[in-house]
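In this text the structure is predicted, and so the values were computed from the model without any measurement.
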Amino acid sequence: MLHPAMTVILSEHNALSAMLRTIRLLNIEYRRLGTLPDFTLLRTMLFYVDEFPERLHHPKETQLLFPKLRTRTTEAADTLDRLDREHAAGEHAIRELEHDLLAFEVMGESRRQRFEQSMNLYIDFYLDHMRIEEAEVLPLAVRLLTPDDWAELDAAFLQNRDPLTGHDPDDAYRPLFKKILNTLPAPLGVGPSLEPLAAANAARRS
């Protein structure tokens with residue numbers, strides 16, 4: 001049975017992964033159709049990434065999970081150092097992405113490629129980041145952390161209320177998530193399927 005903190009971490013990873021992959025597919029579809037994107041939707045999606053994964057999820061890994069592991073072992077010191085650096089870099093990267101999206105909206109087609117390239121780099125960066133956490137850090141935590149460690153981690157991570165992991169959004173966030181869920185396909189939302197786009201994207205990368 002997974003510790004509650006582990007369940008939250010994995011659920012939030014799945015939500016962020018789905019969000020990032022959907023942004024990539026939307027950009028592919030906008031380019032295929034030769035249309036400008038739904039800038040409001042993309043801004044909303046980037047706001048979600050900034051507001052939940054960047055400001056709630058990653059700080060608890062850096063401030064709670066990783067220090068606890070450092071007290072139990074030096075086995076993953078280099079990996080934890082790398083992940084901490086990437087958390088810090090992510091905060092800067094999301095600011096740059098928001099700027100590149102605004103530039104695309106204001107300047108038009110001449111800024112599409114820059115935004116798409118920046119977005120793809122960010123997506124690849126975070127998918128790999130989460131892969132390392134799940135493959136190397138979380139198994140180490142299961143093996144080495146004590147019941148007291150897990151009690152503190154469980155209490156902290158259970159305070160997270162990311163609506164994309166099944167929680168009812170606070171009133172202040174309700175309009176934002178209504179916009180996301182009504183526009184995006186399953187599993188994030190109830191919009192039209194992006195399966196054909198996913199297949200095309202997989203074929204293009206193979």
Side-chain angles (χ1 to χ4, degrees), residues 1-23 44-95 97-98 121-174 176-177 180-181 184 186-189:
M1 180 176 180
L2 289 179
H3 297 280
M6 286 277 287
T7 300
V8 172
I9 290 169
L10 293 172
S11 295
E12 291 178 350
H13 280 187
N14 287 338
L16 177 57
S17 177
M19 177 69 78
L20 294 175
R21 293 177 189 278
T22 300
I23 293 173
T44 300
M45 296 169 80
L46 290 183
F47 179 78
Y48 159 81
V49 173
D50 186 21
E51 195 78 354
F52 287 90
E54 289 287 359
R55 294 173 186 257
L56 291 178
H57 179 93
H58 295 155
K60 289 182 179 179
E61 291 176 334
T62 287
Q63 296 166 16
L64 290 174
L65 175 60
F66 296 173
K68 289 185 180 301
L69 277 172
R70 291 180 195 277
T71 67
R72 305 298 174 197
T73 182
T74 60
E75 183 177 336
D78 290 344
T79 298
L80 295 176
D81 287 347
R82 171 188 168 178
L83 295 173
D84 276 335
R85 289 194 301 270
E86 290 178 353
H87 283 168
E91 296 175 11
H92 175 73
I94 196 70
R95 301 281 89 75
L97 270 176
E98 290 167 336
L121 286 173
Y122 183 87
I123 292 168
D124 292 340
F125 165 78
Y126 260 121
L127 292 179
D128 186 61
H129 176 91
M130 291 186 287
R131 179 191 61 78
I132 292 172
E133 288 181 339
E134 293 178 12
E136 300 183 30
V137 174
L138 296 184
L140 199 64
V142 170
R143 178 159 58 90
L144 297 177
L145 296 187
T146 68
D148 286 343
D149 291 332
W150 283 112
E152 186 177 351
L153 290 168
D154 291 345
F157 276 95
L158 284 172
Q159 294 177 18
N160 292 6
R161 311 297 293 176
D162 185 337
L164 292 186
T165 63
H167 296 288
D168 192 42
D170 296 338
D171 288 344
Y173 288 108
R174 200 173 301 277
L176 181 150
F177 283 95
I180 291 175
L181 295 175
L184 297 183
L188 285 182

Which heavy atom in Y48 sits nearest to a heavy atom in P53, and how many Å separate them? O-CD, 3.2 Å
Test side chain to side chain donor-acceptor pair (under 3.5 Å) on H57 and E61; report intermediate values, then the result. CA-CA 7 Å; H57 179 93; E61 291 176 334; 2.8 Å; yes
To the nearest 0.5 Å, tell me how far R85 CZ sits from T62 OG1. 11.5 Å
Could you walk me through whether R70 and D81 pass salt bridge (charged side-chain N to carboxylate O under 4.0 Å, His left out), step by step? CA-CA 10 Å; R70 291 180 195 277; D81 287 347; 3.0 Å; yes
If you measure from CZ on R21 to CG on L16, what distance do you get to the nearest 0.5 Å? 10.0 Å
Donor + acceptor pair across side chains of E91, H87 (<3.5 Å): no
Is a side-chain N or O of D149 found less than 3.5 angstrom from the main chain of T146, in a donor-acceptor match? yes
If I take atom OG from residue S17 and atom CD from residue E12, how far apart are they, to the nearest 0.5 angstrom? 13.5 Å
Rounded distance (nearest 0.5 Å) linking atom CG of L65 with atom CG of L80: 8.0 Å
Nearest-0.5 Å distance, CD1 of residue I132 to CG of residue L127: 11.5 Å
Describe, in one word, how the ring planes of Y126 and H129 are oriented to each other, choosing from parallel (under 30°), tilted (30 to 60°) and perpendicular (over 60°). perpendicular
Please check: side-chain N/O of K68 versus main-chain N/O of L145, any donor-acceptor pairing under 3.5 Å? no
Are F157 and H3 close enough that their ring centres sit under 6.0 Å apart? no
Salt bridge flag under 4.0 Å for residues E136 and R82: no
If you compare all heavy atoms of E54 against all heavy atoms of P59, which two are closest, and at what distance to 0.1 Å? O-CD, 3.2 Å
Side chains of R143 and L140: does their closest heavy-atom pair fall under 4.5 Å? yes
How far does CG of L83 sit from CZ of F66, to the nearest 0.5 angstrom? 4.5 Å
